[in-house]
Amino acid sequence: MPDMRFVIPRQDINRENFASSAPDFNRRSEMMNTDRGFKCRITNIVRLTEHEKLFQLRIVDPLERAIFRFKPGQFLMLELPGYGDVPISISSSSTNHEFLELCIRKAGHVTSALFTVEEGAYVAIRGPFGSSFPMDEMAGHNILLIAGGLGIAPLRAPLFWINEHRDRFLDINLLYGVKEPSQLLFTWQFEEWEMINHIRLHTIVEHGDAEWRGKRGKTGMITNLFNDISVDVKKSYAIVCGPPIMFKFVCGYLDKLGIPMNRMFVSLERRMHCGMGKCCRCMVGSTFTCIDGPVFDYWSVMNLKEAI
Amino acid sequence: MNIAKLKIASFDFTCCEGCQLQLANRESTLSDFLELLDIRNFREILSEKHDDYDIALIEGSISRQDEVERLLKIREQAKVLVAFGTCACFGGINSLKNRFRMDETVREIYGDMAIETLPVKKISDVVKVDLSIPGCPVAKEEVERIIVSLATSSLVTLPKYPVCVECKQQLNTCLFDLGEICLGPITRAGCNAVCPTGKTACLGCRGPAEELNMPAFLELVRERKLSHSDLQEKLAFYNAFEPVATDET
Amino acid sequence: MKRDFALDIRHLTRVEGHANIQITVRDGQLVDARWAIVETPRFFEVMLKGMSAERVPFLTSRICGICSISHSLASIRAVERAMVIVPPVVAEKTRLLAMHGETLQSHALHLFFLVAPDFAGTSSVLPLMQSHPDLVRAGLQLKELGNEISTITTGRCTHPVSLVVGGISKAPDKQRLFHLRTMIQESKPALEAACTFFQSLIIPDFSRETEFISLSNGSTYPAIGGQLLSTDGVIRNENDYLLMTNEYTRDFSTSKFTRLSRESSVAGALARFNNNAHLLRPGAREVATSFGLQPICHNPFMNNIAQLVECVHIIEDAEELINSLLNMELSEIKTAYTPKAGAATGAVEAPRGILYHHIETDDEGKVVKADCIIPTTQNNGNIHDDLRAIAAQGLEEGKEDQEIKKLCEMVVRSYDPCISCSVH
Amino acid sequence: MIYKVISKGEFRRFVDALVKSNNSLGPRQVDTDSQGNPVYQFKPVQSVEEIAFDYTATTSSAKHLFLPFREELSRFSFHGDDWEQQINYEADPVVLVGLRPCDISALNILDDVLLNSHFPSPYYLAKRKNTFVIGMDHLPLPDCFCKSMNHHTVTIGFNLFCSDIGDNYYLSINSSKAFNFLKEFEIRDPSHDDNCLLVERRKLIQNSFQTEIDVTALPSILDIEFDSPVWEKWGQKCLNCGTCAMVCPSCYCYSLTESCETNRKGARREKSLYSCNLVDFAVVAGGHNFRPKNGDRLKYRYYHQHRGFAENGNQQICVGCNRCGRACLSGINPKDVINDLRMEKESCLICVSSSPARI
Ligand SMILES: Cc1cc2nc3c(=O)[nH]c(=O)nc-3n(C[C@H](O)[C@H](O)[C@H](O)COP(=O)(O)OP(=O)(O)OC[C@H]3O[C@@H](n4cnc5c(N)ncnc54)[C@H](O)[C@@H]3O)c2cc1C
Ligand code: SF4
Ligand code: SF4
Ligand code: SF4
């Protein structure tokens, strides 16, 4: 029989004060709920290309919906129960509190399973996590948005923001390159962006087909588009999203043009398991992509080991 | 999650049938496990036979011509052919026979009786294998996990790291510290380090871990002055590793 | 009416391994009835050559997926006797407990998965899960108990890891032994349910006089080692196993045949019972009586009942073994030894009968010669002869072809043949 | 903190009372190695007799009691198309006897990473709060280098810490729980002599270290030497076996897996401790491996241990217990690796004008 005098009482971690505890473990316990996801209903699925779909999500619980806020550039962990969770950038407007949009490419285990679910299914999201594009700091400047391939997905959130606050910005150029014309995403928004939001849109593909050439579309690498624009380096910010190899060329070019490194922003991708700076999967040098990133200015990236 | 049952069949070749037997183990989840399956052919427990299976579990290695033909037929039918157990994946202990001449081997056991036998082959020497589940015997827990993954069309994976990870998680004393050679550092995990946990050396039944570092492993055995012949006997036991140089230096 | 028929069962189902039953009847006369094993041989005796003795049990356990513990222990016993190594008491008790676990698991698998469908008229255990859920649950519970005993004593239930020459490499965990004791107590209703079910079955009426061979040590129900004893009165020393078996080959079978005083003989649960019934634990003896089973019983179908009786015995015995292990200091578990030359036989009672391993080592303790004689090999002759007798009896009684076929299959299954094991 | 002195006999009675009333773990001898040395591990104990108070060091740290090697984080149960998520992070109280200062320091570091950072881990917190830690000092082993890491003493992170001052233990009591328990036993205030004995004991420990590592400016050296051939050299020896990370008291990297239950009525999210030395740690979708070579991965472990990551304010997280060095079958240990790296650096600094060719 245990001697009751020496039995250690069990301590509930949600209770703030327990005088008998040894060290001070009370800090930040208000953020305890990080492993519980918000349940979302998939309200709409749009097939963009063979490999990409746009998922529209609505947080089920009204209270959770009301408190969920994010900044352009942040990502969330999307959980498909039974399969796992993956980091996905939020691709919708940060002022839209009704729906979230996620543009997802079928890449592996979880994303393939996501491609089999239908509208009405329930998933969970954790987050938002990570750093964001400094939209306020960029106000009053020209913005150069450069997207390669799926890089357009994380660019959509800042783009929405810019469009909603169009008067705060000067010239906006969107450079968008993909491999083939069929891979161009969000084409239905191009006209709106150009006509209503006065964004100068430049697209380029690596391999154009006959139809593309017929419409006099450009072919080549994304860097070829630089000939079409004039950049006022003193008054410009750049946001670059795409495969790592693209950073090197694009940012290298902009650097040469004279845009300061701390005015160029990139979004990095690494394998993530937790999104909370604990699993150490997404380390780049000594920096966590999930907490310190995914959005970094180019100066920081240059100083990270193994970044690109 | 409602999913169609997997049309599965189980076939045994040259082996002890211990891997098949594992399918009937883990009694606590057995009925749930069988719920996932539509067993079309399984001689060991079932009298009916049907030939419309999608998944074929192949147990054992190949050591006679009629087995080759039977296997080729199964390959034609099966959408997913699974090498089930170490004998199927690597040849297993049966391969120890290959060190001897076949005619002498037969004479030794059967005298002058005419018995056919071929040098032992693993399944992938004969047909294409879609999925390998190693283990002597296979671990039912892993089989269950893989079958559930197949049923839910999830990713089927085996650990890529070596047994030492799981061994340390069991707080075992390393067998090298007890003066024995253990193949844990070069063998694929997934068995929960059963052998080192029972304090006997890992003999590598799950085959090589991914990107194993054989030179470093050999160096380790040399440095600790452990017996080279013991090492070779262990490496050869399941035929899962490339033979190593014989010099005793 | 004189009838013709040919029965050709290629790869009998619900047995371990590949074998065929062939019966030919012409003009109402039984022309031929044979038990033909076609399993691919693996040549273990050759593989063992040159292997160090300490590794032998790890190889021989792979002879059979069902009775791997018996094979391990037979090899270990042979090597220990050859090199004069005496294992500590704790090791011996643990080994015996391990054997019990294996036998329980094997008997449960046989009785519930392979035999019960015959009596219930189904093709496998799967439909029984719906029609007799309690019976299947009881079977699973006993099988699980057997597996758990093996796992706790040897590290895993198939292909043991901690049975080694000299003793055991790791002592069973006392916490888990406690848990095992609870499991045993909880299994008793399952055992009763099984007995009630088998009481309700009609055991085919068939008998053919034969010779039963088992181990015997005079004081306890046999398991590991002892003298070799036959119901015809032959007694031999363990090392003289060859005189007990007299192996020979038949051209239709990859598994060999054996004989002793008669054309054929039997090993297994019924043989153990016939030779040692008085050494069973009281509970087991009671169950035997309730089935009208008494020595010497010559009905092969009663082998199933003998297995059930043994389950009762094992569970009682295991409980006592666990109690005594729990009261011991489990520190001394292995005797140190230096490998040396020697030769000896290790005989154990595997679930299906006597299993002999004979091992000869050189000065470095490497195997120079090995011989394994498997219970099913010893039963082949008797199965073969029973097939002929039961088919003839069926013809005489004017039974339908299908009925004869079923009886033939059933009589083979009652031996619980372990075919891949016999062709090792 | 309150300081008291307790006789060794009375202390044993105290520990026995605790151990008998709670789930407890302490160092126990589990084996004898081939050299005849005892092997210790933290194992469950039922009475004070089972605790090896004079143990040297356990092979594995006590980390897994706070960060289990495998841990279920949450569970989903499915109903039709819908599901529910259940999370349970409660923990039962545990008494942990015999932690060394370095082990406790490692816990403090884990506290920093897992509690005082962006997203505190409730799972860890529950276990940490419910573990009653009794620390004990010891004379360093020949290969301990905790002094170099400044972790040979510890002032927080335990409930009770015992310094051996001959016939008595000098107790540092750091929680009211411990103080309450001790009220039932014979303790006294430290005398002047006791204080002197304590100082002497500390000096003795301080002076008994045989292994030292120069860690000055190590973080920046690690940054500068990111591409050093030293990594390649040690990487060639590394077996990618993860042993070092499993036994280390402060390695905490993990992986998450989700698996469906066999009856498909639910799924579990499970966390398993991982190691940056394992081959697939940095593999991303599509199969690209950011750290394909042994050396890259080994470097990352050292980078993490000795340079520190942001969540921990870029502090070193290695406490200098050398468990990794002892357990590594390839003889890779922090002292040799770091010295090698330093040599590299320093030999270059000496030859300011023309660097010698690398062999
Ligand atoms: C910040 C950020 C933003 C991103 N935004 C987007 C976006 O907007 N759109 C988009 O399409 N993609 C985006 N990605 C990429 C996306 O996260 C990956 O494509 C995705 O994680 C691939 O996951 P998968 O499960 O399909 O592939 P896999 O790599 O097959 O699986 C990843 C997960 O499955 C499990 N897993 C995989 N392999 C194994 C194994 N061998 N063993 C055990 N478990 C395994 C792991 O738990 C892992 O988390 C982003 C990535 C990051 C880091
Ligand atoms: S016993 Fe074997 S598996 Fe375990 S750590 Fe040592 S080498 Fe690795
Ligand atoms: S450093 Fe040593 S212990 Fe760590 S992974 Fe490499 S070989 Fe294993
Ligand atoms: S890295 Fe090695 S020395 Fe440092 S704390 Fe971990 S195990 Fe101890």
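In what follows, chains are A, B, ... by sequence order, proteins preceding strands, each numbered from 1. Hydrogens, waters and symmetry mates are skipped; everything else that's a heavy atom, side chains included, is used.
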Select one option (side chain, backbone, both, neither) describing which atoms of [X] are under 4.5 Å from chain B's heavy atoms.
{"X": "C:Lys49", "value": "both"}
{"X": "C:Glu409", "value": "neither"}
{"X": "C:Arg250", "value": "backbone"}
{"X": "C:Ile168", "value": "neither"}
{"X": "C:Leu140", "value": "both"}
{"X": "C:Glu148", "value": "neither"}
{"X": "C:Phe44", "value": "side chain"}

Legend entry - Donor-acceptor contact present, side-chain B:Thr200 to main-chain C:Ser162, <3.5 Å: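 Answer holds: no.
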Legend entry - Check: C:Arg62 side chain, B:Cys136 main-chain N or O, donor-acceptor pair, under 3.5 Å: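 Checking the backbone N and O of B:Cys136 against the side chain of C:Arg62, a donor-acceptor pair under 3.5 Å is found.
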Among the options [options], pick out the one with the most heavy-atom pairs lying under 4.5 Å from chain B.
{"options": "C:Gly155, C:Gly50, C:Cys64", "answer": "C:Cys64"}
{"options": "C:Thr254, C:Leu114, C:Ile63", "answer": "C:Thr254"}
{"options": "C:Cys157, C:Ser61, C:Ser124, C:Ser68", "answer": "C:Ser124"}

Given the options [options], which has more heavy-atom pairs under 4.5 Å with chain C than any of the others?
{"options": "B:Thr105, B:Leu30, B:Val194", "value": "B:Thr105"}
{"options": "B:Ile39, B:Asn98, B:Asp66, B:Thr117", "value": "B:Thr117"}
{"options": "B:Ser31, B:Cys16, B:Gly60, B:Ser95", "value": "B:Cys16"}
{"options": "B:Glu233, B:Glu108, B:Lys234", "value": "B:Glu233"}

Where does [X] contact chain C at under 4.5 Å (heavy atoms): side chain, backbone, both or neither?
{"X": "B:Asn25", "result": "both"}
{"X": "B:Glu104", "result": "neither"}
{"X": "B:Val106", "result": "both"}
{"X": "B:Thr14", "result": "both"}
{"X": "B:Leu34", "result": "side chain"}
{"X": "B:Gln20", "result": "neither"}
{"X": "B:Ala139", "result": "neither"}

Legend entry - Steps toward side-chain contact (heavy atoms from CB on, under 4.5 Å) verdict (C:Val46, B:Lys97): CA-CA 7 Å; C:Val46 176; B:Lys97 182 183 83 171; 5.5 Å; no
Rounded to the nearest 0.5 Å, how far apart are [atom1] of [X] and [atom2] of [Y]?
{"X": "C:Gln141", "Y": "B:Glu27", "atom1": "CD", "atom2": "CD", "value": "10.0 Å"}
{"X": "B:Glu17", "Y": "C:Ile419", "atom1": "CD", "atom2": "CD1", "value": "8.0 Å"}
{"X": "C:Glu144", "Y": "B:Arg26", "atom1": "CD", "atom2": "CZ", "value": "10.0 Å"}
{"X": "B:Leu96", "Y": "C:Leu48", "atom1": "CG", "atom2": "CG", "value": "8.5 Å"}
{"X": "B:Leu21", "Y": "C:Leu109", "atom1": "CG", "atom2": "CG", "value": "6.0 Å"}
{"X": "B:Cys15", "Y": "C:Arg42", "atom1": "SG", "atom2": "CZ", "value": "7.0 Å"}

Legend entry - From CA spacing to verdict: side-chain contact (heavy atoms from CB on, under 4.5 Å), C:Glu45, B:Ile109: CA-CA 8 Å; C:Glu45 283 106 338; B:Ile109 306 294; 3.7 Å; yes
Legend entry - For the student: nearest non-hydrogen atoms of B:Ile93 and C:Met47, plus distance: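 Taking every non-hydrogen atom into account, O-SD, 3.3 Å.
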Legend entry - Heavy-atom closest pair, residues C:Pro41 and B:Arg64: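 The pair with the smallest heavy-atom distance is CD-NH1, 3.9 Å.
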I'd like to check [X] versus [Y] (side-chain heavy atoms, cut-off strictly below 4.5 Å). Are they in contact?
{"X": "B:Lys199", "Y": "C:Val164", "answer": "no"}
{"X": "B:Cys205", "Y": "C:His159", "answer": "no"}
{"X": "C:Thr40", "Y": "B:Phe13", "answer": "no"}

So with a 6.0 Å cut-off around [atom1] of [X], is the heavy-atom count from everything else above 12?
{"X": "B:Lys121", "atom1": "NZ", "answer": "no"}
{"X": "C:Lys334", "atom1": "NZ", "answer": "no"}
{"X": "C:Glu360", "atom1": "CD", "answer": "yes"}
{"X": "C:Glu332", "atom1": "CD", "answer": "no"}

Inset, instruction - Check the pair B:Phe237, C:Leu59 against side-chain contact (heavy atoms from CB on, under 4.5 Å), reporting the backbone distance first and the verdict last. - result: CA-CA 8 Å; B:Phe237 198 78; C:Leu59 181 55; 4.0 Å; yes
Inset, instruction - Take B:Cys195 and C:Arg156 through the test side-chain contact (heavy atoms from CB on, under 4.5 Å) and record every step on the way to the result. - result: CA-CA 9 Å; B:Cys195 296; C:Arg156 109 175 124 193; 4.3 Å; yes
